[in-house]
Amino acid sequence: MTNNVSLPLLGFAAFSGTGKTTLLEALLPKLTEAGLRIGLLKHAHHDFDVDKPGKDSYRLRKAGASQMLISSRNRHALMTETPESEAEFDYLLSRFDQSQLDLLLVEGCKNIAFPKVELHRKALDKPWLYPNDDNIIAVACDEALDTELPQLDLNNIDEIAQFVVAYVDLERIKHDNPPSTQQKSKPAECCDTLSPATMSVTQGQQKILSLVEQQVSTETLSLKQCVGKVLAKDIVSPINVPQYTNSAMDGFAIRSKDIGLASFEIVAEVMAGHAYSGEVKTGQAVKIMTGAPMPADVDTVIMREQANEVDGVVSFTTDNIKAKQNVRSAGEDLASGQAVFTAGTRIQAPELGMMASLGFGQCEVLKPIKVALFSTGDEVLEAGEEQVANTIYDSNRYTLFAQLERMGCDIVDYGILEDNEQVMIDCLEKAASECDMVITSGGVSVGDADYIKLALDKLGSIDFWRINMRPGRPLAFGKINEKPFFGLPGNPVAVMVSFINFVEPALRKMQGEENWQALKVQAIAAENLRSRQGRTEFSRGVYSTNEVGQLVVRTTGKQGSGILRSMSEANCLIEISPAVDTVKEGESVTIIPLQGRL
Ligand code: AMP
Ligand code: MG
């Protein structure tokens, strides 16, 4: 379902010509009579415009206002230009002031998943939508039909209105008393259930983040050892940058009061790393190099290209000299005592260079997170060993190793866990006492009878989740001896996708990056992308820019969750939200670029 609506949402789906608008026009008075305040979302063709050429608002919009709000005593309308791509359904719904409405009706948006009534007129001889669309909850037609769905008379507005009013009542009851499996309404608490629960990707992420805490141990390392680590304390500049006022150009330094004089006697020459401490009087200049300190009396530099130097005298070929030009003041970039970086900043090339530029030789950073890594499964064989019948080589521990390594973790590799419940319990408890986090892969599917699951069950504080996503539906999460535990699925691609979505954000929080969020951008689908309503689909994608500079994305092809090569070919994940079943070629879709993350 869509994320942004707390109101009942109902659509009307039909082929054009069925009379959707005429029906809605007749229906609305009946609904408002019944006390419902209605919001209506209508999808129109891309060249549609609410405005008229020649009107002021139209002219101002065309002149460059990307948002135009026009208001009068009786109404206002906000027109937002979206030339790049059409706004997403969820976003559009969020534009309504839902506190002022009881029901949101939608006309159009055929390929978006939300409850709809199908309208069908026999005379038009169009195919039915409901047999292929689970979102259709009723049909309104003018013929007898063999279906389990509620049937309404297309020409009986009162009957349709009654259906809509009853639908709103039912939705309100559902909303006020959500079923107990709905995690959303429960407070986030640890280990609240051992029974399988279904949750969205966001719910899973939020729950995990609410249960992991930031690392507190710190260490002081020499600067070069800090690459990829996270600052434990705020960094305040101990010096002025630049340290001294200096010239920004190779040229001639003069007193600004002398601007306009015809020529200047050159009294000194200053190179970078040197200084001139003598006087500079009216009518005198100092020849100066970029970065050299400005002598005390001068404050303006004219660049060499605008100067004529003959026998120790310089004149300038430009009339356009401004006082204090081409001079960098001491502390202009950063004053001594000014904040530079806050604790929680990850140290990469710019931060490292910046800290060096401030004279820091070492730095206090958070200690790396120590992660225990296991594989499980009778069929799993250590890489490098001779192949045995009915086995697969353990790849998950290697992918995870590399992903953890990239995150700057200390990894303790516990190998492949023996299929013995007591051995597993002992190993997991030992790992949790020695490390800050424990990760396993395999054996956590609901219904699996793997030993790992029995062992985790006995440990007592692990939940088995079913996340509404593909790949990566099963996920075990909880704590062993207060240390976060992740039981990732077994499928190699699912392992990576689960790591990206759940483990990495948790690690980043533990490492001190408080509000880290994965980069997500919009790209145009270069092919039809299929998903299923109600779950988040993460396809492996390849994005690029097309001839006109737009970001476009295609899939890597076959999307089986065991095909690790598809991860290698991909440079992004394509994220199709649960509200959408199909993204058509040319439509906009969310991508998560993977550069720097794998
Ligand atoms: P499971 O979740 O245990 O049912 O595993 C799902 C699939 O992932 C099975 O085909 C397993 O053989 C495979 N799998 C499990 N663990 C690993 C591993 N460490 N490396 C590669 N594949 C694995
Ligand atoms: Mg297994």
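Order of listing sets the numbers, starting from 1, for every ligand and every atom in it.
Under 4.0 angstrom from ligand 1, the non-hydrogen atoms of Asp394 come from both its backbone and its side chain. No part of Ile416 comes within 4.0 Å of ligand 1, judged by heavy-atom distances.
Distance alone, capped at 3.5 Å, is enough to place a donor-acceptor pair between the Asn546 side chain and the Gly549 backbone. Looking only at distances, no side-chain donor or acceptor of Asp463 sits under 3.5 Å from a matching main-chain atom of Trp465.
Of all atoms in ligand 1, listed by their number and element, those nearer than 4.0 Å to a heavy atom of Tyr393 are 20 (N), 21 (C). Atoms of ligand 1 lying under 4.0 Å from at least one heavy atom of Gly442, given by number and element, are 2 (O), 3 (O). Of all the atoms in ligand 1, the ones that sit under 4.0 Å from a non-hydrogen atom of Ser375 are 19 (N). Of all atoms in ligand 1, listed by their number and element, those nearer than 4.0 Å to a heavy atom of Glu379 are 11 (C), 12 (O). Using a 4.0 Å cut-off to heavy atoms of Gly443, the atoms of ligand 1 that qualify are 1 (P), 2 (O), 3 (O).
Classification of the Phe163-Tyr167 ring pair by plane angle, with boundaries at 30° and 60°, yields parallel.
The N/O atoms of Arg397, backbone and side chain alike, include none that comes under 3.5 Å of an N/O atom in ligand 1.
Between Thr202 and Gln206, some side-chain heavy-atom pair lies under the 4.5 Å cut-off.
A cation-pi arrangement is absent between Lys479 and Phe485, since the terminal nitrogen or guanidinium carbon is not both under 6.0 Å from the aromatic centre and inside a 45° cone about the axis.
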